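Note: hydrogens, waters and symmetry copies are ignored here, and every other heavy atom, side chains too, is used. These numbers come from a predicted model, not from an experiment.
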Amino acid sequence: MPVLVMKFGGTSVATLDRIRRAAKRVGVEVAKGYDVIVIVSAMSGETNKLVGYVEETSPLFDAREYDAVVSSGENVTAGLMALTLQEMDIPARSWQGWQVPLLTTSAHSAARIEGIPPENINRKFDEGMKVAVVAGFQGISPEGRITTLGRGGSDTTAVAFAAAFEAERCDIYTDVDGVYTTDPRICEKARKLDRISFEEMLELASLGAKVLQTRSVELAMRYKVKLRVLSSFEEQSDDAGTLVCDEEDIMESKVVAGVAFSRDEAKMTLVTIADRPGIAAAIFGTLADAGVNVDMIVQNVSETNYKGHEGGVTDMTFSCPVNQVKRAEKALADAQEAGTLTFDKLESETEVAKVSVVGIGMRSAAGVAAKMFKVLSDENINIQVITTSEIKISVLIERKYMELAVQALHDAFELERAN
């Protein structure tokens with residue numbers, strides 16, 4: 001029988017009524033002849049509550065026990081979903097990560113999937129089971145301990161199952177009815193996309209769009225898993241939601257597919273550092289060791305013969321999440337005290353935001369950057385940092401102008417129009 005993977009997020013299973021609604025959707029697919037693997041998240045708010053219990057009990061907690069506690073929310077949802085399906089006379093059973101087994105690394109709270117042997121679930125399908133309800137977000141380490149995949153890991157679980165079982169499609173049910181050209185809460189003209197390429201979705205997810213977890217899109221792109229994003233709260237047709245697929249499956253793309261933004265950014269500048277080979281490695285190696293996620297990087301033009309610095313000096317600017325600024329400041333200060341880095345001062349600016357335009361059509365279209373910069377200039381928005389890739393342009397601006405920038409760019413690239 002063909003296999004379909006269906007994933008339901010926390011808001012989709014937040015109450016028993018919502019679990020019943022989700023179960024009815026599963027029943028529709030079973031009636032079409034599919035063997036269904038359902039991946040469930042914990043009920044909305046449950047994981048945050050469990051994390052709070054752990055942090056209150058043990059501020060310096062053992063990551064292995066953290067995983068044991070926070071993974072329990074998914075177990076509850078999986079059991080309730082299986083019971084609900086059984087009440088509908090649909091043969092179903094729940095599966096925890098270790099029962100599948102979903103094999104992972106030993107990096108507790110941030111484990112990566114190593115493999116999903118399909119034999120156990122396939123054997124049950126052969127015996128008449130129609131639905132395997134799998135607890136998302138969790139797996140088992142080589143040492144036999146429960147692991148978790150990090151927040152949002154149920155999306156990754158779903159895609160990994162779709163790849164392992166060669167599923168026809170992976171449907172992600174959430175509280176939105178698809179992928180939009182930008183956040184409809186920011187721009188009322190935002191339009192739902194019928195299709196979007198893996199590459200565009202990956203960029204949008206990494207740049208701040210919250211619809212899909214970045215790792216899940218990476219996996220889908222690698223294993224060519226067709227993803228469909230749908231709403232749990234609306235009636236569905238066969239072409240509902242947004243299909244995330246290969247570029248070749250899209251007839252023709254607009255130059256820009258969407259505008260993404262990240263509100264919680266910070267800009268940091270190391271002033272007067274030696275301009276010599278290895279200095280960038282020293283800076284960003286220090287930050288990596290401290291667990292700081294660096295994004296945009298700009299090195300200024302070197303100034304030669306500065307106060308006796310042989311080879312000249314320069315400034316280095318980078319962005320990072322605003323909640324990692326203190327960690328970055330401490331790591332760099334410790335490196336200076338240890339003598340591995342030398343700089344005059346470290347400037348931190350926390351009132352900035354990142355705004356990006358994304359589109360595979362940018363590969364073959366000139367003038368996108370010029371148009372973007374002109375739009376921001378017309379709105380009197382100053383650009384502080386710029387980075388580009390083949391299909392995206394990102395800028396760092398003052399946070400108070402973020403919504404204005406998103407709306408202006410959405411209008412300028414006419415994203416409310418389908419073609």
Side-chain angles (χ1 to χ4, degrees), residues 2-5 7 152 155-156 158-174 176-183 190-230 237-262 295 354-372 387-395 406 409-410 412-419:
V3 174
L4 183 70
V5 175
K7 182 263 178 179
D155 283 352
T156 304
V159 175
F161 268 86
F165 285 81
E166 299 181 350
E168 189 171 298
R169 195 177 64 247
C170 178
D171 288 348
I172 307 288
Y173 285 86
T174 180
V176 296
D177 60 347
V179 180
Y180 279 73
T181 50
T182 195
D183 190 333
R191 175 178 56 86
K192 184 177 74 68
L193 298 164
D194 294 327
R195 294 184 176 221
I196 188 170
S197 73
F198 289 125
E199 289 178 276
E200 289 170 328
M201 189 67 247
L202 185 58
E203 289 284 12
L204 289 171
S206 67
L207 293 168
K210 308 294 186 192
V211 179
L212 288 172
Q213 197 227 28
T214 306
R215 280 169 63 193
S216 70
V217 184
E218 289 174 343
L219 264 183
M221 185 163 64
R222 185 185 313 161
Y223 292 104
K224 307 297 183 187
V225 173
K226 286 189 175 181
L227 278 176
R228 192 168 62 151
V229 181
L230 310 108
S237 60
D238 289 341
D239 59 350
T242 300
L243 186 67
V244 187
C245 55
D246 262 332
E247 182 180 339
E248 290 75 21
D249 294 330
I250 302 174
M251 288 292 290
E252 190 166 343
S253 295
K254 290 176 72 75
V255 174
V256 171
V259 180
F261 59 87
S262 176
D295 182 20
K354 178 172 61 179
V355 177
S356 311
V357 295
V358 175
I360 53 176
M362 291 167 59
R363 289 195 186 111
S364 56
V368 177
K371 185 173 184 177
M372 180 181 186
T387 59
T388 65
S389 76
E390 193 178 25
I391 66 167
K392 76 130 192 268
I393 303 167
S394 297
V395 297
V406 170
L409 291 167
H410 197 278
F413 288 103
E414 300 180 326
L415 298 185
E416 71 277 6
R417 295 170 54 186
N419 288 303

Can you name the closest pair of heavy atoms from [X] and [Y] and give their distance?
{"X": "Glu203", "Y": "Ser389", "result": "OE2-OG, 3.4 Å"}
{"X": "Lys254", "Y": "Glu414", "result": "NZ-O, 3.3 Å"}
{"X": "Ile391", "Y": "Met362", "result": "O-SD, 3.5 Å"}
{"X": "Val5", "Y": "Ala158", "result": "CG1-O, 3.6 Å"}
{"X": "Val406", "Y": "Phe261", "result": "CG2-CD2, 3.9 Å"}
{"X": "Ala205", "Y": "Leu212", "result": "CB-O, 3.5 Å"}

Would a 4.5 Å heavy-atom cut-off, applied to side chains only, mark Val256 and Val358 as touching?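 In short, these two side chains do not touch, never coming nearer than 4.5 Å.
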Does the side chain of Leu227 reach to within under 4.5 Å of the side chain of Ile172, using non-hydrogen atoms?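 The answer is yes; the side chains approach within 4.5 Å.
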Straight-line distance of [X] [atom1] to [Y] [atom2], nearest 0.5 Å:
{"X": "Arg195", "Y": "Lys226", "atom1": "CZ", "atom2": "NZ", "result": "6.5 Å"}
{"X": "Asp183", "Y": "His410", "atom1": "CG", "atom2": "NE2", "result": "10.5 Å"}
{"X": "Arg228", "Y": "Leu4", "atom1": "CZ", "atom2": "CG", "result": "8.0 Å"}
{"X": "Arg222", "Y": "Phe198", "atom1": "CZ", "atom2": "CZ", "result": "12.5 Å"}

Could you tell me whether Lys371 sits above the aromatic face of Phe413, with NZ or CZ closer than 6.0 angstrom to the six-membered ring centre and within 45 degrees of the axis?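 Yes, cation above the ring, under 6.0 Å and within 45°.
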Donor-acceptor pair, [X] side chain versus [Y] backbone, under 3.5 Å?
{"X": "Lys192", "Y": "Gly241", "result": "yes"}
{"X": "Arg191", "Y": "Leu415", "result": "yes"}
{"X": "Asp155", "Y": "Gln213", "result": "yes"}
{"X": "Thr242", "Y": "Leu193", "result": "yes"}
{"X": "Thr182", "Y": "Val259", "result": "yes"}

Give a yes-or-no answer on whether the side chains of Glu200 and Ser197 include a donor-acceptor pair shorter than 3.5 Å.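 Side-chain D/A pair, Glu200 to Ser197: present.
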Run the side chain to side chain contact (heavy atoms under 4.5 Å, CB included) check on Ile196 and Leu204 step by step: do they pass? CA-CA 10 Å; Ile196 188 170; Leu204 289 171; 3.5 Å; yes
Start with the C-alpha distance between Val159 and Tyr223, add both sets of side-chain angles, then the distance that settles side chain to side chain contact (heavy atoms under 4.5 Å, CB included), and finish with yes or no. CA-CA 9 Å; Val159 175; Tyr223 292 104; over 6 Å; no
For Glu416, does the CD atom sit with more than 12 other heavy atoms under 6.0 Å from it, leaving out its own atoms?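 Yes, the 6.0 Å shell around CD holds more than 12 heavy atoms from other groups.
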